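Here's the structure we're looking at; comments come further down.
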Amino acid sequence: MAEHELTEEPRSVESLAQLADATAELQALGAPFSYAASPAALPAAAFAAMESLWRTFAAGVSAFVSSHDGKLAAMAAALRLPEEIAVVADALPETGWGVIGRPDVIVSSGQPRIVDVNVEGLAGLFPLNDNLLRTHLAPGLRDEFRQPAMAPRFLMGHYADILRRFARCDTDLIALTIFASEVNGDHDFGRWHYELTIRELARVGLTADLVFLEDLEITKSGVFAGGRRVGLIHRFFEPRLDDAEELAGVARIAAAARDGLVPVFSGLQELILSNKSTLAVLSDERFTDELPRSLTGQLEQVIPWTRILEERHTRWRGSRIDLLPWAQANRESLLLKPALGYWGVDVLAGRELSPGQWSALMNSAVAGKEPWVVQEVLKPDEEYAAIFDGQEVRSGRFPVVYGAYILDNQFAGAICRYGIRGSRYVMINGTVGAVPAPVYWRS
């Protein structure tokens with residue numbers, strides 16, 4: 001994959017003022033980042049490479065599912081997930097894996113590799129992509145961002161088409177459904193994201209609103225929210241396995257779906273495969289040695305070395321190792337991640353910790369109920385960007401993580417996230433020193 005084409009900063013103070021005006025909607029919603037003041041552009045060859053990465057990963061997932069005959073409990077056990085998760089995952093109707101997703105991809109030495117799965121209906125940043133692209137088309141900015149032979153990729157039209165396939169009626173309300181507890185920050189994805197999703201869906205002809213699961217009114221004639229008929233529950237809730245009230249709320253929605261009162265998108269089966277344990281299994285010789293050699297080789301190219309943290313022997317670059325003591329001794333080249341984590345919460349870089357801290361955290365992870373994984377650290381290729389914080393521009397080369405957009409099990413584009421804290425820090429996401437920019441593709 002070739003690097004971003006170097007691009008000059010916006011040409012004038014006026015263009016910076018126009019960028020500030022154009023992003024006013026995002027700022028008003030509380031979107032937690034600064035903005036790229038230069039376009040992110042990748043060649044068509046990079047699109048093909050990410051597309052190939054997705055096909056390989058999806059083939060690996062398909063092989064894993066087939067090896068367990070699609071049985072949720074068997075897959076959960078292989079992924080070392082809590083037993084309860086298989087029961088919860090079966091609560092809602094299945095809507096299919098890979099319909100919507102945004103796996104995280106790092107390009108290291110020109111090779112794209114997937115470092116987090118994030119393939120489920122809760123996957124975010126689709127509306128952000130389209131909103132930022134629209135700001136680039138504002139008067140005075142168009143020439144700064146959309147240059148010759150650079151094609152943007154809008155996504156929400158396809159996203160809306162997927163929702164229409166599941167919805168009962170186009171004119172009914174699409175309920176973006178969360179738990180009421182989320183507004184208190186217990187496990188909130190970000191209110192700004194929900195509001196932006198509502199606005200972007202409205203632009204492509206669908207009416208949506210944010211609805212607390214507890215406020216959904218279930219009657220014999222249908223499901224309602226604030227007096228409006230709900231034609232689709234778009235699940236943005238993820239029940240905690242130890243929260244009886246949340247599980248009861250899911251059961252109530254599940255009963256309504258089974259009774260044909262309302263369709264639900266997306267199902268909870270995604271919980272089984274959307275976590276980091278899936279990367280660990282697809283990287284593990286205990287599974288890959290049973291695959292066709294061609295697929296094993298392809299998976300090795302697109303998934304970094306990842307293992308579920310447990311007492312066992314495994315292989316590192318062809319050599320047999322005792323995993324726990326080896327991971328203790330090689331902390332500077334490893335990450336420790338909660339398999340069921342999200343938004344980078346609790347991701348730990350060994351090189352940013354003392355040996356004692358790393359050892360204590362590893363011991364705690366091994367003893368815990370939920371699985372953790374260790375993953376090799378990749379050095380992201382750095383790309384040029386000009387970053388605008390609303391007052392001034394900072395330009396330079398920054399490490400990058402891409403969010404790969406998946407729609408209908410196909411790679412559809414990407415969003416670039418610049419790590420403005422520099423290459424010393426591993427975490428690059430929307431809440432920790434990242435600046436997003438939609439990717440333009442050069443022909």
Side-chain angles (χ1 to χ4, degrees), residues 79-81 103-109 111-118 275-286 288 299-382 397-403 417-434:
L79 296 168
R80 305 293 189 270
L81 304 179
D104 289 336
V105 172
I106 285 178
V107 178
S108 182
S109 299
Q111 172 68 44
R113 307 177 82 184
I114 181 170
V115 296
D116 200 356
V117 179
N118 196 27
N275 60 82
K276 299 170 187 67
S277 286
T278 300
L279 287 178
V281 166
L282 297 187
S283 167
D284 194 329
E285 72 274 0
R286 293 184 300 192
T288 60
L299 289 170
E300 289 174 350
Q301 290 295 311
V302 303
I303 298 176
W305 183 93
T306 311
R307 295 293 185 272
I308 296 171
L309 193 66
E310 57 189 342
E311 181 62 62
R312 60 167 289 200
H313 289 96
T314 186
R315 292 201 299 259
W316 165 260
R317 298 181 179 172
S319 299
R320 188 173 187 267
I321 61 170
D322 190 349
L323 181 57
L324 294 184
W326 181 89
Q328 293 275 15
N330 289 272
R331 64 180 176 83
E332 292 193 358
S333 62
L334 295 173
L335 303 172
L336 184 61
K337 300 180 176 183
L340 296 173
Y342 56 92
W343 268 75
V345 175
D346 292 331
V347 171
L348 305 165
R351 69 189 188 196
E352 297 172 12
L353 301 169
S354 70
Q357 289 172 319
W358 178 257
S359 179
L361 290 165
M362 272 191 54
N363 291 337
S364 176
V366 171
K369 182 180 179 182
E370 295 186 356
W372 286 66
V373 304
V374 282
Q375 185 177 79
E376 67 174 308
V377 174
L378 300 179
K379 185 180 185 301
D381 292 349
E382 295 186 350
R397 298 183 68 81
F398 304 95
V400 170
V401 171
Y402 294 95
R417 288 174 291 176
Y418 299 105
I420 57 173
R421 296 187 303 165
S423 57
R424 288 180 55 245
Y425 295 93
V426 171
M427 279 306 306
I428 303 174
N429 73 34
T431 60
V432 186

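Nothing fancy with the numbering, it's 1 onward along the sequence. Values in this document were obtained by computation on a predicted structure and should not be read as measured data.
Once rounded to the nearest 0.5 Å, the distance linking CG of Leu323 with CD of Glu311 reads 8.0 Å. To the nearest 0.5 Å, the span separating CG on Asn118 from OG1 on Thr278 amounts to 12.0 Å. The distance from the OG atom of Ser277 to the CG atom of Leu340 is 6.5 Å, given to the nearest 0.5 Å. Distance check: Glu352 CD to Trp358 CH2 gives 10.5 Å after rounding to the nearest 0.5 Å. Taking CG of Leu79 as the start and CD1 of Ile308 as the end, the distance is 6.0 Å to the nearest 0.5 Å. Annotation: the span from Thr306 atom OG1 to Arg113 atom CZ amounts to 8.5 Å, rounded to 0.5 Å.
In this structure, the side chain to side chain contact (heavy atoms under 4.5 Å, CB included) partners of Pro103, at least two apart in sequence or on a different chain, are Trp54, Ile114, Val119, Ala404, Ile406. In this structure, Glu370 has no salt bridge (charged side-chain N to carboxylate O under 4.0 Å, His left out) partners at least two apart in sequence or on a different chain. With sequence neighbours excluded, the residues forming a salt bridge (charged side-chain N to carboxylate O under 4.0 Å, His left out) with Arg286 are Asp284, Glu310, listed by chain and number. Taking Ser359 as the reference, Gln328, Asn363 meet the side chain to side chain contact (heavy atoms under 4.5 Å, CB included) condition, with sequence neighbours excluded. With sequence neighbours excluded, the residues satisfying side chain to side chain contact (heavy atoms under 4.5 Å, CB included) with Leu348 are Leu336, Leu353, Leu361, Trp372.
Leu279 and Ile303 get closest at one heavy-atom pair: O-CG2, 3.8 Å. Taking all atoms of both residues into account, the shortest heavy-atom contact from Ile420 to Phe398 is CA-CD2, 3.8 Å. The minimum heavy-atom distance linking Ala434 with Arg417 is given by the pair CB-CB, 4.3 Å. Heavy atoms only, all atoms of each residue included: Val347 and Pro338 are closest at N-CD, 4.3 Å. Shown here for Pro304 and Val115, the closest heavy-atom pair between the two residues is CG-CG1, 4.1 Å.
Contacts classified as side-chain hydrogen bond (donor to acceptor under 3.5 Å, both in side chains) and involving residues 330-339 (residues at least two apart or in different chains) are given here: Lys337-Gln375.
At distances below 3.5 Å, at least one donor-acceptor pair connects side-chain atoms of Glu376 with backbone N or O atoms of Trp305.
A salt bridge links Glu285 to Arg307: one of the charged nitrogens lies within less than 4.0 Å of a carboxylate oxygen.
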- [ ] Apply side chain to side chain contact (heavy atoms under 4.5 Å, CB included) to the pair Leu81 and Asn275, showing each step before the final yes or no.
- [x] CA-CA 10 Å; Leu81 304 179; Asn275 60 82; 3.7 Å; yes
TODO: Take Ile321 and Thr314, measure what side chain to side chain contact (heavy atoms under 4.5 Å, CB included) needs, and give me the verdict at the end.
DONE: CA-CA 6 Å; Ile321 61 170; Thr314 186; 3.7 Å; yes
Open item on the list: Please determine whether side chain to side chain contact (heavy atoms under 4.5 Å, CB included) holds for the pair Val117 and Lys276, giving the CA-CA distance in whole Å, both sets of side-chain angles, and the decisive distance to 0.1 Å.
Closed with: CA-CA 6 Å; Val117 179; Lys276 299 170 187 67; 5.9 Å; no
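In this structure, Trp326 and Trp316 have tilted ring planes: the angle between them lies in the 30° to 60° band.
Side chains of Asp381 and Ile106 form no contact here, defined as non-hydrogen atoms less than 4.5 Å apart.
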